[in-house]
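Beneath this line is the structure, given in structure tokens, with notes to follow.
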Amino acid sequence: MEARPVPSLQAHGITSGYGGVPVIRDVSIAVGPGEVVAIIGPNGAGKSTLLKSLVGILKLDTGTILLGDDDVSGRPPEELARRGVGYVPQVNDIFEPLTVLENLEMGGYLLSSAQVRARVGEVGDVFPQLPPMLRRRADKLSGGERKMLAIARVLMLDPKVLILDEPTANLSPKLADSLLREHVRRLAGLGKAVLLVEQRARAALQVADWTSVLVSGSVRLEGKPAELLQRQDFEELFLGAGTDLAASEETNMEET
Amino acid sequence: MDLYVAAFGFGLVGMSVIAIAAVGFTMQFGITNMINLAYGEVMISSAYVAYYVNKAGITIWVGMIAGALFGAVFSFLLNRFVYAPFQRKGTSHIGMVIVSLAVSLMIANLLLPIVGYYSVSYQDTTGGLLRAGGIVLTTNQIAIIGVAVVLMLLIHGLLRYTRLGKAMRATAANPTLARNCGIPTQRVIDSVWLITGALCGLAGVVAAMDSDSFAISNGAGFLITALAAAVLGGAGQPYGAMIGAVIIGMITELSAAAWAPEYKEVVAFGILVLVMVLRPQGLLSKRGALAAAG
Ligand SMILES: Nc1ncnc2c1ncn2[C@@H]1O[C@H](COP(=O)(O)OP(=O)(O)OP(=O)(O)O)[C@@H](O)[C@H]1O
Ligand SMILES: [Mg+2]
């Protein structure tokens, strides 16, 4: 059995929340180059809270975050961005009143204008639907185009670590599937560490190398997808927590 | 009729003055979320800075630059040492309005013993008179219009074409996402206070130039007029503020001709109240505020 790679980003025992009330408790998670780690769990489990803590938006009550060997706990989001951590939030993931091109330029804010131009071309190759609409206002995009823009924006800086919060929410099953299989897998193939939250458990298990199940703010279960699927308590945990594994199956067209 | 043609000329000057003031005011709100009620007092303080420069025998155009610099530095410090610390503590929107009101009163009361309550005016030639089809303006008034046009074009260029300006719009639209992009939003906000503070200072000087004399008590009127134009155009929207300035500037001068010049600010205030009742979101509507610039 393959060993997991040396982590690019890891969190140890982090506790955080809003206004002094912890939402996630003592959570540890790691993701290494070339690896896709999926976090699944019911609504309100604290998945987004975990990601916001990892990228410096939320202050940690306890715990440490390591980027490579460096302790980056408590560092501000702009520093993490500079150091190669890219984050696409679940909501408010683009600058709505700016044009598509301006969104990409802001994604590449840290680059020179020549580099920005080159990167716009490169991410345009990855998401061919974007180049024809560079002058459009971002709030005029469809749900799918909008997600592509949000991901293209984060790719502008060519991050080492990619953190995606429910990238497939609001996408058609077909689009969601192609996003996960083509783009997410391809990015991992390029050596990026990809950490993503995914509502649909089956889809997550198909794309991930490692999966953590977050329930009520703690990691209840983690492991390789194949192992998780064999475990008796996996489905129980989901059913008990109110997430219907079968329902998420229905939304996934290419179920095997 | 001639009276109204002349008033139209004054309206052009009035709208220029208001536009400079209102754009600065509305950008402070649009990007930093700050309804800065001390804006009028910073304007009048800057007008006095220009007054002392001018009194030393230097042309008012240099005084204007001094006023702009003063306004920039003063506004920057005001944010750094008063507003930003309160905002960081999580003070509510209404709380911040009250803080700025307190700052406004403090400036007025600190200024009073220095400058006195009496009216002063700049000592400068107003320049020759220029006539065109019933409109009579001094060269200074024409220059004020020119300054305003250039400033509006510069603001447009800044927001639409520069990296800093786009970062300002991005910060206005989504400050958290801006930070996730690596944009140093603190520095962006500092620049906003410097730039809008310069507009505020400049507006104070041109407003003082445009009236025969000015006194410390004019600060409130300056604020109301800028506020009225900003709200009319849609709070936080620079282009809206420009449109608002055109409308308020024209209406106040025409009403001054038809009625009495003393009531200009009452008219501006009346428009403000009407807008609040009829179209509180302003002419350029809803979402996006400043970020939508362009
Ligand atoms: N800004 C906030 N302020 C206060 N509480 C919040 C805030 N955001 C989230 N919460 C609370 O924290 C808990 C976890 O929310 P979180 O968004 O992390 O869940 P999630 O697992 O991402 O859910 P979903 O699958 O619906 O996105 C919820 O109880 C939520 O109400
Ligand atoms: Mg979430």
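Letters go in sequence order (proteins before strands), and every chain restarts at 1.
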(message) Tell me if a side-chain donor or acceptor on N174(B) pairs with a main-chain N or O of N92(A) at a distance below 3.5 Å.
(response)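 At least one qualifying donor-acceptor pair exists.
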
(request) Check A173(B) against P97(A) and note the closest heavy-atom contact, atom names and distance. (result)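 Nearest pair, atom of A173(B) first, then P97(A): CB-CD, 3.7 Å.
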
(request) Looking only at non-hydrogen atoms, find the nearest pair between G182(B) and Y109(A) and report the distance. (result)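 Closest heavy-atom pair between G182(B) and Y109(A): O-CD2, 4.1 Å.
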
(request) Answer with side chain, backbone, both or neither: which region of D93(A) has an atom nearer than 4.5 Å to a non-hydrogen atom of chain B? (result)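 When you check distances to chain B, only backbone atoms of D93(A) fall under 4.5 Å.
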
(request) To the nearest 0.5 angstrom, please state how far the CE atom of M106(A) sits from the CZ atom of R163(B). (result)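 M106(A) atom CE to R163(B) atom CZ measures 7.5 Å (nearest 0.5 Å).
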
(message) Within this structure, what is the CG-NZ distance for the pair L98(A) and K166(B), rounded to the nearest 0.5 Å?
(response)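 Answer for the CG-NZ pair, L98(A) versus K166(B), is 8.5 Å.
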
(message) Could you check whether atom CZ of F86(B) has more than 12 heavy atoms from other residues, nucleotides or ligands sitting under 6.0 Å from it?
(response)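 It does not: F86(B) CZ has 12 such atoms or fewer within range.
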
(message) Take a 6.0 Å sphere around CZ of R186(A) and say whether it holds more than 12 heavy atoms from other residues, nucleotides or ligands.
(response)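 It does: R186(A) CZ has more than 12 such atoms within range.
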
(message) Before you tell me yes or no, could you show the steps for Q186(B) and E78(A) under side-chain contact (heavy atoms from CB on, under 4.5 Å), namely the whole-Å CA-CA distance, both residues' side-chain angles and the distance that decides it to 0.1 Å?
(response) CA-CA 10 Å; Q186(B) 263 332 304; E78(A) 49 272 40; 5.9 Å; no

(message) Suppose a student defines contact as a heavy atom less than 4.5 Å from any heavy atom of chain B. Which residues in residues 148-172 of chain A would they list?
(response)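 Listed by number, the contacting residues are R153(A), L157(A).
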
(message) Give me each pair satisfying salt bridge (Lys or Arg N to Asp or Glu O under 4.0 Å) with a member in residues 68-87 of chain B, each pair once, sequence neighbours excluded.
(response)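 Qualifying pairs: R80(B)-D190(B).
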
(message) Are the side chains of L177(B) and P89(A) in contact, using a 4.5 Å heavy-atom criterion?
(response)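 They are in side-chain contact.
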
(request) Count the heavy-atom pairs under 4.5 Å between each of P77(A), P76(A), G56(A) and chain B, then report the option with the highest count. (result)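 Going by pairs under 4.5 Å, I would pick P77(A).
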
